[in-house]
Amino acid sequence: MFDKISVKARIFRDPNNPSATGVIADVPDMDEFDEFMASDEVKQAMAEDGLKVETMRALEEFSTE
């Protein structure tokens, strides 16, 4: 689904807990991403996939330089 908004993502899974996953996403436009994630289409897809939304965390890259 991320292709629709030009987001490139890499998906990871904990080998000891296959229900624990992580995503690194290259998001060119955070406002567009936030709007997309709040859409009914994405909410429905997350529900169908059994995603526990309350466990999601979003982190932003930063530089210490």
Side-chain angles (χ1 to χ4, degrees):
M1 293 182 75
F2 286 152
D3 286 341
K4 295 179 180 183
I5 57 170
S6 301
V7 169
K8 301 295 182 205
R10 294 172 35 207
I11 303 170
F12 301 85
R13 178 168 288 148
D14 180 340
N16 298 315
N17 180 2
S19 64
T21 58
V23 178
I24 294 177
D26 183 12
V27 180
D29 183 332
M30 275 308 290
D31 291 334
E32 182 181 32
F33 180 77
D34 289 340
E35 185 177 315
F36 177 72
M37 293 302 289
S39 72
D40 289 339
E41 176 186 19
V42 172
K43 288 179 183 178
Q44 180 179 348
M46 289 189 299
E48 289 173 1
D49 289 344
L51 182 68
K52 296 177 183 175
V53 178
E54 67 277 5
T55 67
M56 290 177 55
R57 300 292 180 269
L59 306 173
E60 295 181 1
E61 184 176 18
F62 71 97
S63 175
T64 58
E65 297 175 11

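The CZ atom of Phe2 sits 4.5 Å away from atom CZ of Phe33, with the distance rounded to the nearest 0.5 Å. Between Thr21 atom OG1 and Ile11 atom CD1 the span is 8.0 Å, to the nearest 0.5 Å.
Residues Met1 and Phe36 share a closest heavy-atom pair of O-CZ, 3.5 Å. Summarising the geometry of Pro28 relative to Ile5, their closest heavy-atom pair is CG-O, 4.2 Å, with the distance given to 0.1 Å.
Partners of Gln44 according to the side-chain hydrogen bond (donor to acceptor under 3.5 Å, both in side chains) rule, which considers only residues two or more places apart in sequence or in another chain, are Glu48.
Few gaps surround CD on Glu32; more than 12 heavy atoms of other groups in view lie less than 6.0 Å from it. Atom CG of Asp40 has 12 or fewer neighbouring heavy atoms from other residues, nucleotides or ligands inside a 6.0 Å radius. Within a 6.0 Å radius of CD in Glu65, no more than 12 heavy atoms belonging to other residues, nucleotides or ligands are found.
Two different hydrophobic clusters hold Met56 and Ile24 under the rule that ILVMFWY side chains link at heavy-atom gaps under 4.5 Å. In the hydrophobic clustering of this structure, Phe12 does not group with Met46; members are Ile, Leu, Val, Met, Phe, Trp, Tyr whose side-chain heavy atoms approach within less than 4.5 Å, directly or through other members.
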